[in-house]
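Contents: one structure, followed by commentary.
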Amino acid sequence: MTKDLIDILQLSREEIDELIAKAGDIIDHPDVYAHKCDGKKIATLFYEASTRTRLSFESAMIELGGSVIGFSSATDSSVSKGESVADTARTVECFADIIAMRHPKEGAPYVAANNVDIPVINAGDGGHNHPTQTLTDLLTISREKGRLDDLVIGCCGDLKFGRTVHSLIAAMSRYENVKFVLISPEELKIPEHVRTEILDKGNIDYEETDSLENAMPNLDVLYMTRVQRERFFNEADYLRLKDTYILTPDKLTYAKYDLSILHPLPRVNEISVEIDKDPRACYFKQVRYGKYIRMALILKLLGVD
Ligand code: NCD
């Protein structure tokens, strides 16, 4: 295990399984963990919008007995005066024990990590990676399905800019007999580097389609995503593509009875609110799991037993 978590592939399968087991223990015995991080501080440095990720890191540290400092937008800090990520990180290191950073530029958390001795967690860097969302997704899948092997996982929507999908595919490449069905319009297909570096290199079974209806009957997990407006070069393309897939109850007619529907959230239009009451909808449970897995990760990176 490295000092930081920048890319999900820094964790071995065994380490991921240990984090999932630890999160399960925290769920069952929260009192045991309530003072594990007394006196410790997490700094949440968010240069890009967030609701779940930032608040779940903060709740995670608070529930471990620690406290929180940070900023939730670049305009709230000296970044607006032109300070570099490296200098901001070195400053924050004087105050905090661990950093969670989200940044619109790919690689920014890596730069921060290389400039400080305390652990840095990538809380999402541009269209690149989002390892703690993936840990959240893995905990959700493992609790819902009872396994992380032998699954057909459909990823639907913006597979080009959706960083959570890139990290999820990388992580699941560590498990046995996992097949991906990649459902997107032509313009939003998975990037070439994910195809060659993860899918092809790992010999992962996958198919690409633009039809959610055709893919549905075979899926064990359906991972819906939002079209990432902020990463488009022009608004017209976003408007043309944003409603390509909308999951409605009729589309679930041919789904497995035990399908698990995940979404990293925020949702815009891609899942109709009528789906929320379907027992297969897991996306709000997924938010809750995000806190527990981040508690497990904070303990691991801080070396707290
Ligand atoms: C995701 C993200 O920020 O990449 N959200 C999250 O962290 N839960 C997905 C998204 O913004 O669409």
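Scope of the values below: all heavy atoms of this structure, side chains included, with no hydrogens, waters or symmetry mates. Ligands are counted one by one from 1 in listed order, and the atoms in each one are counted from 1 as well.
We find the CD1-SG distance between Ile118 and Cys94 to be 9.0 Å, quoted to the nearest 0.5 Å.
Pocket lining of ligand 1, defined as residues with a non-hydrogen atom under 4.0 Å away: Thr53, Arg102, His130, Gln133, Arg163, Thr164, Arg226, Gln228, Pro264, Leu265, Pro266.
Of the possible polar contacts, none joining the His130 side chain to the Arg163 backbone as a donor-acceptor pair under 3.5 Å is found. Looking at Arg102, its side chain never comes within 3.5 Å of a backbone N or O of Asn122 through a donor-acceptor pair. Between the Lys36 side chain and the Asp305 main chain, a donor and an acceptor come within less than 3.5 Å of each other. Side chain of Asp149 to main chain of Glu176: a donor-acceptor pair is present (N/O by atom type, distance under 3.5 Å, no hydrogens or angles).
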**Message:** Before you tell me yes or no, could you show the steps for Leu11 and Glu18 under side-chain contact (heavy atoms from CB on, under 4.5 Å), namely the whole-Å CA-CA distance, both residues' side-chain angles and the distance that decides it to 0.1 Å?
**Reply:** CA-CA 10 Å; Leu11 295 172; Glu18 267 170 35; over 6 Å; no
